[in-house]
Colleague: 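Pasting a structure below so you can have a look.
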Amino acid sequence: MSAAHRRRPRVFLDADVLFAGAASPSQHGASLLILRMAEITLIEAVASQQVVTEAERNLGEKLPQALPAFRLIVSRCLQVVPDPQARDLVAHSGEADAKDLAILVYALRERCPWLVTVNVRHFQPGHPDVSVLRPGEFVLRVRDLLARMPDEDGG
């Protein structure tokens, strides 16, 4: 299968990443870079409706001037998925802080091997199918993966 036909990596984004990306004072912040990677279809960024609502609420309270940029980001860069049912969380009890458990379950349900968040410690001990990374760590991981890709000549 050619590289063009492979699925793009699916990455679940937490609300803090969306907030930081929309509110970024710099064009080079890791959260904004991740959103840009999704915009240019290098990755597939996924967030739940709960995550989008939380980020929008926090921006409205703290940085209302960033809301237009946030809404544009959501429309261009994110696949927004429905929230899981409470019963979906039971099997994963104890894998993350209770208030963040749903986010880990979203990532699992949506087959996202990466969950990007500023609050990595909230997702401990975690689940073996999901790597929880800070935005900067994820950007470095993508850079490393791209550096290891063979060129068009197969080298």
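Remember, it's a predicted structure, so these values are computed and weren't measured experimentally.
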Colleague: Do the side chains of D14 and F123 get nearer than 4.5 Å, heavy atoms only?
Modeller: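 Contact flag for F123/D14 side chains = yes.
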Colleague: Looking at R134, is its backbone amide N or carbonyl O close enough to the side chain of E137 to form a donor-acceptor pair, meaning the two atoms are under 3.5 Å apart?
Modeller: yes
Colleague: Nearest heavy-atom pair of V130 and L115: which atoms, and what distance?
Modeller: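 Shortest heavy-atom separation between V130 and L115 comes out as CG1-CB, 3.7 Å.
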Colleague: With sequence neighbours excluded, tell me which residues meet side-chain contact (heavy atoms from CB on, under 4.5 Å) with A20.
Modeller: S31
Colleague: I'd like to know if V51 and L108 are part of one continuous hydrophobic network [Ile/Leu/Val/Met/Phe/Trp/Tyr, side-chain heavy atoms within less than 4.5 Å].
Modeller: yes
Colleague: Just how far is it from atom CG of D100 to atom CD1 of I103, taken to the nearest 0.5 Å?
Modeller: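 Reported value, rounded in 0.5 Å steps: 4.5 Å.
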Colleague: Might you point out which heavy atoms bring A69 and A22 nearest each other, and give the distance in Å?
Modeller: CB-O, 4.2 Å
Colleague: Ignoring hydrogens and geometry beyond distance, is a side-chain donor-acceptor pair present between N119 and D16 at under 3.5 Å?
Modeller: yes
Colleague: Would you give the length of the straight line joining atom OG of S131 to atom CZ of R141, rounded to the nearest 0.5 angstrom?
Modeller: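 CZ of R141 is found 5.5 Å from OG of S131.
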Colleague: Hey, any chance V139 and V132 share a hydrophobic cluster, counting ILVMFWY side chains that come within less than 4.5 Å of each other, even indirectly?
Modeller: yes
Colleague: Quick check for you: to the nearest 0.5 Å, what is the distance between R36 atom CZ and H28 atom NE2?
Modeller: 9.0 Å
Colleague: Working to the nearest 0.5 Å, report the span between CD of E39 and CD1 of I34.
Modeller: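 With rounding to 0.5 Å, CD (E39) is 14.0 Å from CD1 (I34).
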Colleague: For D83 and Q49, which heavy atoms make the closest approach, and how far apart are they?
Modeller: OD1-N, 3.4 Å
Colleague: In terms of hydrophobic clusters joined by side-chain contacts under 4.5 Å, are L67 and V17 together?
Modeller: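 The answer is yes; both residues are in one hydrophobic cluster.
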Colleague: Can any side-chain N or O of N58 pair as donor or acceptor with the backbone N or O of A55 at less than 3.5 Å?
Modeller: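 The answer is no, because no donor-acceptor pair under 3.5 Å joins these two groups.
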Colleague: For the residue pair Q50 and Y106, establish whether any side-chain heavy-atom pair is separated by less than 4.5 Å.
Modeller: yes
Colleague: With clusters defined by side-chain heavy atoms of hydrophobic residues (ILVMFWY) lying less than 4.5 Å apart, directly or transitively, does F12 cluster with L32?
Modeller: no
Colleague: Are L13 and V46 packed together at the side-chain level, in the sense that at least one heavy-atom pair is separated by less than 4.5 angstrom?
Modeller: no
Colleague: To the nearest 0.5 angstrom, please state how far the CG atom of L18 sits from the CG atom of L78.
Modeller: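 Rounded to the nearest 0.5 Å, the CG-CG separation comes to 5.5 Å.
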Colleague: When you group the ILVMFWY residues by side-chain heavy-atom contacts below 4.5 Å and let the links chain together, are L140 and L145 in the same group?
Modeller: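 No, no single cluster joins them.
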Colleague: Can V81 and R109 be said to form a side chain to side chain contact (heavy atoms under 4.5 Å, CB included), step by step?
Modeller: CA-CA 10 Å; V81 297; R109 182 189 70 192; 3.6 Å; yes
Colleague: So V90 and S93, do their side chains get closer than 4.5 Å, heavy atoms only?
Modeller: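 No, every pair of side-chain atoms sits at 4.5 Å or beyond.
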Colleague: Using side-chain contact (heavy atoms from CB on, under 4.5 Å) as the criterion, list what pairs up with E44, not counting sequence neighbours.
Modeller: R7, R8, R10, Q79
Colleague: Please tell me if the side chains of V142 and L33 come closer than 4.5 Å, counting only heavy atoms from C-beta onward.
Modeller: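 Sidechains of L33 and V142: no contact.
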Colleague: Of all the heavy-atom pairs spanning P64 and P68, show the shortest one and how long it is.
Modeller: O-CD, 4.0 Å
Colleague: Of all the heavy-atom pairs spanning A66 and L59, show the shortest one and how long it is.
Modeller: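 Nearest pair, atom of A66 first, then L59: CB-CD2, 3.8 Å.
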Colleague: Verify whether the ring centers belonging to W114 and F138 lie closer than 6.0 Å.
Modeller: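 Aromatic pair counts; centres sit under 6.0 Å.
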Colleague: Kindly indicate whether the side chain of Q124, heavy atoms from C-beta on, has any atom under 4.5 Å from the side chain of D97.
Modeller: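 Not touching, per the 4.5 Å side-chain cut-off.
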Colleague: Rounded to the nearest 0.5 Å, how far does CZ of F19 lie from NZ of K62?
Modeller: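 K62 NZ to F19 CZ: 5.5 Å, rounded to 0.5 Å.
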Colleague: So, the side chain of T117 versus the backbone of V120: is there a donor-acceptor pair under 3.5 Å, distance only?
Modeller: no
Colleague: Given 3.5 Å as the limit, does a donor-acceptor pair link the side chain of S75 with the main chain of L72, or not?
Modeller: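 Answer holds: yes.
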Colleague: So which heavy atom on A102 is nearest to which on L89, and how close?
Modeller: CA-CD2, 3.6 Å
